[in-house]
Every structure is written in C-alpha cells, then in structure tokens.
Protein chains: 2
Amino acid sequence: MERRRRDGGGAVLRERDPEARRERLLEAAGGVFAETGYGGGSVRAIARVARVNVASVNYYFGSKEGLYREVLLRAHRQVMEAEPEPEVGGDAREALRGWVGYCLRFVLLRRASHPVLGRLMAHEMRQPTVALSELVTLVIRPKFEQLAVVVAAVAGGGMGREASELAAHQIVGMCVHFDHSREVVERLGYRVPGGEVEIAELAESVAEMALGGLAGMVRSGKGRTKRIFK
Amino acid sequence: MERRRRDGGGAVLRERDPEARRERLLEAAGGVFAETGYGGGSVRAIARVARVNVASVNYYFGSKEGLYREVLLRAHRQVMEAEPEPEVGGDAREALRGWVGYCLRFVLLRRASHPVLGRLMAHEMRQPTVALSELVTLVIRPKFEQLAVVVAAVAGGGMGREASELAAHQIVGMCVHFDHSREVVERLGYRVPGGEVEIAELAESVAEMALGGLAGMVRSGKGRTKRIFK
DNA sequence: GGCATTATGAAACGCCTGTTTATAAACACT
DNA sequence: AGTGTTTATAAACAGGCGTTTCATAATGCC
C-alpha cells in the first residue's frame, strides 16, 4: 500500500544542541522513571518534560530500555560522588547505626539535589526489569554484605553466617518498608519523613530495634543452628 | 459515518451457564491479578484463562475495575473463612510470635488452596489502586492496631503509643520485605520460603528480633519521648 | 557556492489496552 | 409456535504504547 506524503510542517524554529538535548532527556527520564518506574513511564511523557521530540529518544539512546540503562548508570555515578559512605570501622554498634542511617537516607531523602538512584532501585525491587541483576551485583550486594559483616560484628561471634545474613535481611526490611509501603504506612497515620533530621530520628529507632534484636538472638542462642539458606 | 455490518459468526457451540462463567472469571482474575497486579493483568488474559469472551467481563462486572473489586471482596471472604486468627490473648510475647507467624503466612504461603488476598494486597502496597483505602480500613488497619496493642503489651507500659506504632511498622516491614523484595532477596542468596514449616522458622527469627528489639527500646528508654507522628 | 552529514519534527506503523456495538443463540413463558 | 428476555460472541472503537519513516532544517567541509 502506498504511504501518504507528508510535508514536515514548513518553517519551524529548531534549537540545535545535541549535548544539551541528551542531558535534558537523561534528566527528565530520571525524574519520570523515579516517580513511576520503568514500565510506568512513557517515552512520550519523558520527551514532553524534556521539551524534545519523541523520536529523539530512539535517536540518542536507541530505545526506551537504552535510555533507562543510561539513567541508571548516571544515577549510580552521582551517588558514588555525592553520598558519603557509612562508617563501618570502629565500634560495631555504631557502625550498624551508621549503616541504617545511610540506607534510610538513600531510600527516603527527597532533597532536590538528591540522586534518584534510591527511588529507581525501589521500583526495581517491586517490578524488576532486565537491569535488576546488574544493579544487585553492582550496588545492592556490596552494601548488603557490608551490613552482614556489621551484624556479625555486633553479634560478636554469637551468630553464624546464615543467621547474620537473615538478620541483615530483616534490618533491610525495616528500612525499605517506609518507602515501599509508603501509601499504606501513611494511611495508617505515620508521616514518612523526607528531611535529614526526621530521617535520622527514624534511623535511631530502627537501629535500636536491630541492636536489641541481635542481642536477644545471641542471648537465646537462636543464631547458631539455623540452616535455612540454600 | 456508516458502520459495517457484522454477522456474528454463524453456528458456534455455546455453553450456557452464567453462574459457572462468573465463577470462572473470578477465579481466573484472582490468579492473574495476584501474579501481576491490577495494572499488569489484562482483561483479555483473564478471559483467555477463564475460556470466556472478552466482552463477558464487562457484561458481568461492568468494567475491569468492577471485576477487580469483586475479586478483592471474594479473596477477603475466603481468608476470613479459611485462615485462623492469630492468638492475641494470654502471654504478650507469645501473642507477638503468633502475630508475626500469621502475617508471614498471609504474605508468603503458596499453597494451591491458599487465598490470594495476601498477594493482591502486596501489589496494592506497591502500586495502589482506588481500592487501597478500602482495603486499609477493612483489613490492614484492624490487623495493624492489633499488632500495636500486642507491642504495647510486650513493652509493658515502657513505650508510648506513638513509639509502639512505630515499632509495629518496623515489625510489619520485616515481614512483608521477604515478599515485596523477593526478587532481590533471592538474588542475594536467600530462598524465600513458601511452605508452612519454613515460614514458621522464618517467623521465629523475625519474632525473636522484634522481641529483643522491644526489650532494648524499653531498657534504653527510647520509647518514651518520641513525637514524630503527626 | 555546493554538497554531504547530522539533527530535528510530524506523522505513520503496528500492536496493545479496556470498552462498546450489533448479531445471534438459548431460554422462559404464553 | 410465537414472543421477549437473557446470555454469548466477533468485530469495531478509541486511545495509548514504543518505534520507524521521511522530509527538512542546520551544520561542517571543500
């Protein structure tokens, strides 16, 4: 079948600056994907926010997925530059407090300048894309093993490796819950914090529960015989 | 513009049993929505599973949303009939263990006969629909307040109401994490349990951390002065 | 100036979605 | 047998999606 001729629309002003366009697209995509996740964000919405034609997404990034990958890489790079690592040396209990604070900041902090990686990862956890495995080995696993080490140190030899990791999962669960289930948590009357000070308060509470819980596990000897990892 | 005539397809075998069709649709929709959430499941997929025409969804339930609401109601009814309530009377610590076990069973259990409400609610938490508020007041809030009471009882007057509720949120976080972040948790080497026995083991660990954590909070007096609820 | 290269925009493509319409078969009742 | 209602179906509809096409405007180069 014959295609209709199209005339391209006549004289239009064309700003021409590839670098700026690429950057605007990445910025806009970061915001959109952080808000709605990969599947929820449409390339048309991104293009609109970036004030750019839809076709530019494919021109610059090949596909929606390509754009998403670059957004993730960029966000990861920004975090590595901007966010200070948690203190894990020295006192083990203090290290655990530091880790919890770091994790909660990562997930909850809503500063304008804050990198969007935390929210992107939250969406990945809920609805994984092909990028999840990469993200796990690149970002999540190192952080998680760091926590597992801290947990083992807090237990002071009172817990096996498997029990430490299980406890670490539970601690992570406490942290991410306030973001993952935000809608429910807020409907139940808790105002999920978004500022530095409030997040620090929440972190103190979570760390307190973790520290007390670990102490209890060590006392009861529950951490010794478990064998529930594969 | 004039519409083309359609002939309806001639002689086809038609099974005629409204009740069974409605039931098949609800069953199929329960499975599909439990797997992919409301947004992720398409009416065409549901109709295919139910071996029913697409239009039947709108004929019987008005809309996709109407079908979803009935699925939720049905699932809730099934749970109320099938799943035993957790023991909350008697010893407070034992009550907490009971609650955690109930919550984990609710979220993780994958028996063929198990109601799908847990998985539907998990999707609602991640991506709320208009049904979430209803679900919160109908199912989640009662359970949550039950937990908050148990937590306060375990603390034995050593925690204020707000601190009890915050601790309750943290405990819920530990429970739902293993389902919400299943993909990540499994990639980190933990096999998320789906059977009764394993779930009970996990529940013991979570309850242990909660009990120890609450004890620690009471000891340190952290539960007294907090004022971070709105 | 002439020409190839790169970048941009409007529209189309093909596929999916939930929903509606028109037809028709099956049933209930007279 | 005839009539009216309920139930079932295939096809159309309207709109969204990611992607592609193609003409053209802007640029770099000779």
Side-chain angles (χ1 to χ4, degrees), chain A residues 1-26 28-29 32-33 36-71 127 129-131, chain B residues 1-26 28-29 32-33 36-71 127 129-131:
Chain A
M1 199 186 281
E2 185 65 26
R3 264 181 111 181
R4 251 197 284 163
R5 278 187 61 92
R6 293 160 293 187
D7 68 22
V12 252
L13 286 184
R14 292 196 177 181
E15 159 224 37
R16 204 176 163 102
D17 187 347
E19 297 275 321
R21 284 179 153 260
R22 247 190 86 96
E23 199 55 34
R24 281 219 309 278
L25 267 171
L26 282 170
V32 170
F33 286 142
T36 63
Y38 175 73
S42 77
V43 298
R44 281 179 171 84
I46 293 167
R48 206 181 314 123
V49 172
R51 304 186 314 280
V52 147
N53 192 278
V54 223
S56 296
V57 169
N58 296 76
Y59 181 76
Y60 282 107
F61 303 97
S63 66
K64 180 187 181 184
E65 194 182 309
L67 170 59
Y68 182 64
R69 298 186 84 90
E70 289 226 27
V71 166
Q127 302 186 326
T129 73
V130 286
Chain B
M1 197 186 282
E2 184 66 26
R3 264 182 110 180
R4 251 199 284 164
R5 281 185 58 93
R6 293 160 292 189
D7 68 23
V12 250
L13 284 184
R14 295 196 176 181
E15 159 225 36
R16 203 173 162 103
D17 188 346
E19 296 277 319
R21 286 180 151 257
R22 246 189 87 96
E23 200 54 35
R24 279 219 311 276
L25 266 171
L26 282 170
V32 170
F33 285 142
T36 64
Y38 174 72
S42 76
V43 298
R44 281 180 170 82
I46 293 167
R48 206 181 315 122
V49 172
R51 305 187 311 281
V52 147
N53 190 278
V54 220
S56 296
V57 169
N58 295 76
Y59 180 77
Y60 282 107
F61 303 97
S63 66
K64 180 187 180 184
E65 193 183 309
L67 171 58
Y68 182 65
R69 297 187 85 91
E70 289 225 27
V71 166
Q127 302 185 328
T129 73
V130 287

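Protein chains get the first letters and strands the later ones, always in sequence-line order, with residue 1 at the start of each. Just the heavy atoms: all of them, side chains too, but no hydrogens, waters or symmetry mates, feed the values below.
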(request) For the pair L67(B) and L26(B), evaluate side chain to side chain contact (heavy atoms under 4.5 Å, CB included) and give the outcome as yes or no after the intermediate values. (result) CA-CA 7 Å; L67(B) 171 58; L26(B) 282 170; 4.0 Å; yes
What does the list of N/O pairs under 3.5 Å between the protein and nucleotides 1-6 of chain C look like, with a distance for each?
unit_1 : atom_1 : unit_2 : atom_2 : d
dT6(C) : O2     : R16(A) : NH2    : 2.5

(request) Rounded off to whole Å, could you give me the OH-to-P distance for the Y60(A) and dT20(D) pair? (result) 17 Å
(request) Measure from the side chain of S63(B), starting at C-beta and using heavy atoms only, and say which of dG9(C), dT7(D), dT19(C) lies closest. (result) dT19(C)
(message) I'd like to know whether I46(B) forms a side chain to side chain contact (heavy atoms under 4.5 Å, CB included) with F33(B), so could you lay out the CA-CA distance, the side-chain angles of the two residues, the decisive distance to 0.1 Å, and finally the verdict.
(response) CA-CA 9 Å; I46(B) 293 167; F33(B) 285 142; 3.6 Å; yes
(message) If I take atom CZ in residue R21(B) and atom C1' in nucleotide dC27(C), what distance separates them, rounded to the nearest angstrom?
(response) 15 Å
(request) Calculate the interatomic distance between N58(B) atom CG and dG18(C) atom P; express it in whole Å. (result) 10 Å
(request) Please work out which residues in residues 39-53 of chain A have a non-hydrogen atom less than 4.0 Å from an atom of DNA chain D and list them by number. (result) G41(A), S42(A), V43(A), R44(A)
(message) If I take atom CD in residue E19(B) and atom C1' in nucleotide dC27(C), what distance separates them, rounded to the nearest angstrom?
(response) 15 Å
(request) Ignoring hydrogens and angles, tell me if any N or O in the side chain of R24(A) forms a donor-acceptor pair with the backbone of R51(A) under 3.5 Å. (result) yes
(request) Please state how far atom CG in D17(A) lies from atom C1' in dG9(C), giving the value in whole angstrom units. (result) 17 Å
(request) Would you mind telling me which of dA8(D), dT8(C), dA10(D) lies closest to the side-chain atoms of A55(B)? (result) dA10(D)
(message) Distance check needed: dG16(D) C1' versus K64(B) NZ, whole Å only.
(response) 13 Å
(request) Enter the distance from R44(B):CZ to N53(B):CG here, rounded to the nearest 0.5 Å. (result) 9.5 Å
(request) Grab the OH-P distance between Y38(A) and dG18(D) for me, whole Å please. (result) 8 Å
(request) Check the distance between dG18(D)'s P and L25(A)'s CG and give it to me in whole angstrom. (result) 13 Å
(message) Looking only at the side chain of V54(B) (C-beta and beyond, no hydrogens), which of the listed nucleotides dA10(C), dT20(C), dT19(C) gets closest?
(response) dT19(C)
(message) Is there a side chain to side chain contact (heavy atoms under 4.5 Å, CB included) between V130(B) and R69(B)? Walk through the geometry before answering.
(response) CA-CA 10 Å; V130(B) 287; R69(B) 297 187 85 91; 4.0 Å; yes
(message) Between K64(A) and V57(A) (side chain of the first, backbone of the second, donor and acceptor by atom type, cut-off under 3.5 Å), is there such a pair?
(response) no
(request) Give, for atom OG of S56(B) and atom CZ of F61(B), the distance between the pair rounded to the nearest 0.5 Å. (result) 9.5 Å
(request) Starting at CD of Q127(A), measure out to OG1 of T36(B) and round the result to the nearest 0.5 Å. (result) 9.5 Å
(message) Distance check, rounded to the nearest 0.5 Å: E19(A) atom CD versus Y60(A) atom OH?
(response) 8.5 Å
